[in-house]
Amino acid sequence: MKKALIVGGGIGGLSAGVALRKAQFEVHLAELSQAYDVYGVGIIQPSNALRALDSLGLADACIERGSPYGKVKMCSAGGFPFTEVGTPPMGRLPVHNGISRRILHDVLHEGAQAAGVIFRMGLSVSAIDNSDEGVSVTFTDGSTDHYDLLVGADGVNSHVRKLIFGDHKPRYTGQSVWRYAFERLKELETGYMFMGKQTKAGLIPMTASSMYMFVVSAEGADNPFIPETELVPRLRALLAEYSAPMVTSVVDQITDPKGVIYRPLETLLMPAPWYKGRVVMMGDAVHATIPQLGQGAGLAIEDAVVLGEELTVGDAVSAALDRYMARRYERCKMVVDVSAQVGEWEQLDWQGKLPEEANIGALMGRTLGALGAPI
Ligand SMILES: Cc1cc2nc3c(=O)[nH]c(=O)nc-3n(C[C@H](O)[C@H](O)[C@H](O)COP(=O)(O)OP(=O)(O)OC[C@H]3O[C@@H](n4cnc5c(N)ncnc54)[C@H](O)[C@@H]3O)c2cc1C
């Protein structure tokens, strides 16, 4: 049996654990955190992410423990709906599923444990001796081991990427996202997006009784640090431009600074190939996209599925990694590039400088449609 090490136990790494077990690898997973501390807002799972989870046997658990919904209703700041967006329907799967990040993590972790992944928590790699035959790894606790394959799934600031491919830094895009969880509004029958003049805001179901809000804002090129004491007043101030009843009815509930999850948006696309010798990269470590298309985690899960499928075919790992690259690069590049373009246009729009030819809705619609293609 071949042996693989996955570095990073986030959405991508856990999915890869399941996929590589399916491909008959012995799988070890090294995760830096001693215990997982996943923040308590939600994540959008479009149909292509659910399709990938389905092939790992995990879509039903996500749907049962999350909240399936249809296309997202796009509305004015006042709440007037003008169109709907979403990835194409795929078989029996819903167009979207909203799910708490903590619950998604539990589903993936339970799936990886049931598949027989061996977890090594509170650990990373300090050195990798990489060749075309295998990798010898020294861990941060001084222990060593040898693997047929190492999968770098350690996120946007990847340590594995730095060790093997050198310096590739993510770029701050000028936008940030603010999120907050609420009790679900009865009238929230699907996902909603409200287009303001300075920001955009969304409401996404997470379970039958919970939902979360996101607000995308422009914070300037210098990526300011926002002290905790300012999180609540600033989020409330950003929402002042919305008169949609669904938004105004929850603003007063934003009171807990620890509940405001603020994240500057960064983007990164590492040039191909995403492998060298027996080290292969996946997820945000090589294609961190801003969430304008709600695709980052979905792409990481797709990476895991494709990697597992290709490693199942035949015996030559390097040929499998070539095929993995061929199936992943253009699709991930499309999402990273289009999401960054949408983010740029949004910022121009909010400054009243959007060029006439820039049609955000059409670009998003075309790209989401293209994601229906088989992976
Ligand atoms: C504001 C925001 C909203 C988003 N919304 C969506 C959405 O609605 N839908 C969607 O599909 N995507 C969304 N995304 C993107 C999504 O969260 C990411 O694409 C996804 O989490 C990437 O998964 P990953 O496993 O590659 O990386 P991560 O989730 O970052 O996981 C990396 C893991 O590696 C571990 N690690 C880090 N360094 C080391 C190390 N040196 N050694 C060992 N372990 C290490 C970390 O602790 C972590 O567990 C959003 C992103 C942002 C910023």
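Residue numbers run from 1 in the order of the sequence given. We count ligands from 1, going down the list as the structure has it; atoms in each ligand are counted the same way.
At a threshold of 4.0 Å, the pair Asp145-Lys3 counts as salt-bridged, since one of the basic side-chain nitrogens sits closer than that to a carboxylate oxygen.
No side-chain heavy atom of Thr140 sits under 4.5 Å from any side-chain heavy atom of Val125. Looking only at side-chain heavy atoms (C-beta outward), Cys62 and Leu104 come within less than 4.5 Å of each other.
Here Tyr147 and His28 bring their ring centres to under 6.0 angstrom of each other.
Checked against side chain to side chain contact (heavy atoms under 4.5 Å, CB included), Glu187 has the following partners two or more places apart in sequence or in another chain: Leu185, Met246.
Across Thr87, Asn97, Asp54, a single residue satisfies side chain to side chain donor-acceptor pair (under 3.5 Å) together with Ser47, and that is Thr87.
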Table of N or O contacts for ligand 1, cutoff 3.5 Å:
| residue | atom | partner | partner atom | Å |
| --- | --- | --- | --- | --- |
| ligand 1 | 8 (O) | Ile44 | N | 2.9 |
| ligand 1 | 9 (N) | Ile44 | O | 3.0 |
| ligand 1 | 9 (N) | Gly294 | O | 3.4 |
| ligand 1 | 11 (O) | Gly294 | O | 3.3 |
| ligand 1 | 11 (O) | Gly296 | N | 3.4 |
| ligand 1 | 11 (O) | Ala297 | N | 2.9 |
| ligand 1 | 11 (O) | Gly298 | N | 3.3 |
| ligand 1 | 12 (N) | Gly296 | N | 3.4 |
| ligand 1 | 12 (N) | Ala297 | N | 3.0 |
| ligand 1 | 17 (O) | Arg101 | NH1 | 3.2 |
| ligand 1 | 17 (O) | Arg101 | NH2 | 3.0 |
| ligand 1 | 19 (O) | Asp284 | OD1 | 2.7 |
| ligand 1 | 19 (O) | Asp284 | OD2 | 3.4 |
| ligand 1 | 19 (O) | Gly296 | O | 3.4 |
| ligand 1 | 19 (O) | Ala297 | N | 3.3 |
| ligand 1 | 25 (O) | Ile11 | N | 3.3 |
| ligand 1 | 25 (O) | Gly12 | N | 2.8 |
| ligand 1 | 26 (O) | Asp284 | N | 2.9 |
| ligand 1 | 41 (N) | Ser124 | OG | 3.1 |
| ligand 1 | 42 (N) | Ser124 | OG | 2.8 |
| ligand 1 | 44 (N) | Leu32 | N | 3.1 |
| ligand 1 | 47 (O) | Glu31 | OE2 | 2.6 |
| ligand 1 | 49 (O) | Glu31 | OE1 | 2.7 |
| ligand 1 | 49 (O) | Glu31 | OE2 | 3.4 |

